[in-house]
Amino acid sequence: QVRLVESGGGLVQAGGSLRLSCTASGLTFSTYAVGWFRQTPGQEREFVARISWSGGSTQYADSLKGRFTISRDNAKNTVYLQMNSLKPEDTAVYYCAAPRRYYYTPPESDYDYWGQGTQVTVSS
């Protein structure tokens, strides 16, 4: 059974930083791409970033480039999302996700396994 668990969320002041972690089990982690998404109440889920299975390819939402960095440590079955210069509008529940297919880097919408989410709140 595939399981993704996010951690690292919390309350931070505007301009601060947080690092989110997504730890996976139940799959050969090094063969799966992982994406980060976020959602606020009443809004659709928004793509944040994704990283290929090897870590050699990354993609970001245009509005977040330069502030967020995605990385992975396959030895730890973990993907990270480093978030810097946080703004109140970054407040959301952040989710990590993986596709069903291995050796596959999906577009922004083709993810099958999801974590439970971690809350990030940025105060002004």
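These values consider heavy atoms only, across backbone and side chains, with no hydrogens, waters or symmetry-generated copies.
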* Are a donor atom and an acceptor atom from the side chains of Thr78 and Asp73 found within less than 3.5 Å of each other? -> no

* Between Arg50 and Ser57, is any pair of side-chain heavy atoms under 4.5 Å apart? -> yes

* Rounded to the nearest 0.5 Å, what's the gap from CZ on Arg72 to SG on Cys22? Could you check? => 9.5 Å

* Structure fact -> Rounded to the nearest 0.5 angstrom, the OG-CD distance for Ser123 and Gln13 is 5.0 Å

* **By salt bridge (charged side-chain N to carboxylate O under 4.0 Å, His left out) - contacts of Arg45 (at least two apart)** => none

* Mind listing the closest non-hydrogen atom pair of Pro106 and Ala33 along with its distance? => CD-CB, 3.9 Å

* To do: Please round to the nearest 0.5 Å and tell me the distance separating atom CD of Glu89 and atom OG of Ser124.
  => 10.0 Å

* In the hydrophobic cluster built from side-chain contacts under 4.5 Å, what are the other members alongside Phe37? -> Phe47, Val93, Tyr95, Tyr111, Trp114

* Asked: Is there side-chain contact between Gln82 and Ser17, with heavy atoms separated by less than 4.5 Å?
  -> yes

* Taking Thr118 for the side chain and Gly9 for the main chain, is one N or O donor matched with an acceptor at less than 3.5 Å? -> yes

* **Check: Ser30 main-chain N/O paired with Thr28 side-chain donor or acceptor under 3.5 Å** => no

* Whichever hydrophobic residues join Leu81 through chains of side-chain contacts under 4.5 Å -> Val12, Leu18, Leu20, Phe29, Val34, Trp36, Val48, Ile51, Tyr60, Leu64, Phe68, Ile70, Val79, Met83, Leu86, Tyr94, Val120, Val122

* **Pairs satisfying salt bridge (Lys or Arg N to Asp or Glu O under 4.0 Å), at least one member in residues 79-88, at least two apart** => none

* Worked check of side chain to side chain contact (heavy atoms under 4.5 Å, CB included) between Thr91 and Gln119 -> CA-CA 8 Å; Thr91 295; Gln119 176 70 47; 4.0 Å; yes

* What are the two closest non-hydrogen atoms of Ser85 and Asp90, and how far apart are they? -> O-OD2, 4.5 Å

* Are Asn77 and Thr23 close enough, and set up right, to give a side-chain hydrogen bond (donor to acceptor under 3.5 Å, both in side chains), and what steps lead you there? -> CA-CA 6 Å; Asn77 281 13; Thr23 301; over 6 Å; no

* Asked: Could you give all pairs that pass the salt bridge (Lys or Arg N to Asp or Glu O under 4.0 Å) test and reach residues 97-117, with sequence neighbours left out?
  -> none

* **Any donor-acceptor N/O pair, Arg3 side chain to Ser25 backbone, under 3.5 Å** => no

* Side-chain cluster (under 4.5 Å, hydrophobic types only) that Tyr80 belongs to, other residues -> none

* Structure fact -> From the list Tyr102, Tyr32, Tyr103, ring-ring contact (aromatic ring centres under 6.0 Å, His included) with Trp53 holds only for Tyr103

